[in-house]
Number of protein chains: 2
Amino acid sequence: MTVLHPPRPRRDLVAPDVADAVSVAQLLGDRSRATILAMLADGPHCVCEFATALGARENNVSNHLARLREAGLVRATRHEENGRLLIYERDEAAVAAARTALSTLLR
Amino acid sequence: MTVLHPPRPRRDLVAPDVADAVSVAQLLGDRSRATILAMLADGPHCVCEFATALGARENNVSNHLARLREAGLVRATRHEENGRLLIYERDEAAVAAARTALSTLLR
DNA sequence: TTGACATATCAGTCCCGACTGAGATATTCC
DNA sequence: GGAATATCTCAGTCGGGACTGATATGTCAA
């Protein structure tokens with residue numbers, strides 16, 4: 001398997017734009033946020049469920065959810081019967097876009 | 001669109017294992033490493049080509065390549081005609097596994 | 001209305017990881 | 001052999017981001 005490459009390095013290569021994929025990867029690069037997104041794959045959950053599953057404090061989890069919210073990957077609604085609970089669910093369009101960005105980067 | 005969720009939070013949820021996807025995401029969460037992987041999508045390159053394309057110093061790029069090497073995503077071989085050059089190429093199997101891990105996380 | 005529950009916000013601390021500078025190793029050319 | 005090129009390694013610095021502690025906001029129940 002011969003490696004094809006000019007004997008003289010090219011100095012005119014331009015770096016592709018990877019900004020979108022990088023910002024998504026930064027979000028997924030934290031265990032708490034990755035776990036949250038994985039748990040949301042099979043339905044919505046409230047903050048305290050993430051906290052107990054992760055063994056993390058709720059304000060900590062809340063911070064991570066804020067990051068995911070600002071990125072548009074999740075959204076929050078109040079529970080209809082128990083209004084104390086904030087129910088988080090994935091924004092499937094945004095998640096699909098994130099998946100595409102990462103897949104494209106590794107294409 | 002009604003949110004389905006029990007009025008009492010579940011305390012028995014177990015966090016899924018996301019370790020593989022997280023470590024891949026941590027690698028992609030840096031602009032330099034993401035750019036390197038993207039550039040490698042269309043053929044091998046040497047360190048100095050990444051450095052010029054990124055506007056980064058070569059020892060810096062070398063550090064990022066070491067991280068990618070340790071993760072098994074890339075490998076290095078000497079150039080046949082110009083042995084001073086180290087040619088990096090992607091390990092397509094490892095890249096495919098990384099893509100799968102991320103896609104599964106966002107499934 | 002008071003208290004408990006669920007979550008958010010904010011300031012402060014701390015640690016990991018990206019970058020720098022310097023020096024070492026490997027290869028080619030003269 | 002010695003100079004030049006290409007890359008690596010390592011110690012040190014610095015900033016961003018994750019966590020903590022405390023407090024604020026909103027909701028329900030008695």
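Lettering follows sequence order; numbering is per chain, from 1. Just so we're clear, the structure is a prediction, and the values are computed from it rather than from any experiment.
Regarding contacts with the backbone of C:dC19, a side-chain N or O of B:His64 is found under 4.0 angstrom from either OP1 or OP2. For D:dC8, the OP1/OP2 oxygens have a side-chain nitrogen or oxygen of B:Tyr88 closer than 4.0 Å.
Residue B:Arg11 has its side chain nearest to C:dA6 when only C:dA6, D:dG26, D:dT7 are considered. For B:Arg33, the side-chain atoms get nearest to C:dA18 when compared with the rest of C:dA18, C:dT27, C:dT9. When distances run from any side-chain atom of A:Arg78 to the nucleotides D:dT7, D:dC10, D:dT27, the shortest one goes to D:dT27.
Side-chain N/O atoms of A:Asp30 and base N/O atoms of D:dG17 include no donor-acceptor pair closer than 3.5 Å. If you check distances only, the side chain of A:Arg67 never reaches the base of D:dG17 with a donor-acceptor pair under 3.5 Å.
Here the P atom of nucleotide D:dG21 and the CZ atom of A:Arg57 are 6 Å apart, to the nearest Å. Put simply, CG on A:Leu86 is 14 Å from C1' on C:dT9, counting in whole angstrom units. Look at CZ on A:Arg69: it is 11 Å from C1' on C:dT9, rounded to the nearest Å. The separation between B:Leu54 atom CG and C:dA18 atom P is 14 Å, rounded to whole Å. With rounding to whole Å, A:Glu58 atom CD is found 18 Å from D:dG26 atom P. Rounded to an integer number of Å, the gap from A:Asn82 CG to D:dA29 C1' is 11 Å. Between the CZ atom of A:Phe50 and the C1' atom of C:dA8 there is a distance of 16 Å, rounded to whole Å. Between the C1' atom of D:dT23 and the CG atom of A:Asn60 lies a distance of 17 Å, rounded to the nearest Å.
Minimum interatomic distance between B:Val14 and A:Ala53 (heavy atoms only, all atoms of both residues): C-CB, 4.4 Å. The heavy-atom pair separating A:His45 from A:Asp42 by the smallest distance is NE2-OD1, 4.2 Å.
Note: the hydrophobic cluster containing A:Val18 also contains B:Leu54 (ILVMFWY, side chain heavy atoms under 4.5 Å, direct or indirect links). Linking ILVMFWY residues whenever their side-chain heavy atoms come closer than 4.5 Å, directly or via other members, leaves A:Ile87 and A:Leu40 in distinct clusters. By the criterion of side-chain heavy atoms lying less than 4.5 angstrom apart, applied directly or through intervening Ile, Leu, Val, Met, Phe, Trp or Tyr residues, A:Tyr88 is not grouped with A:Leu85; the two fall into different hydrophobic clusters.
Annotation: of the two residues near DNA chain D, A:Arg84 and A:Ser32, the 5′-most nearest-nucleotide partner is A:Ser32.
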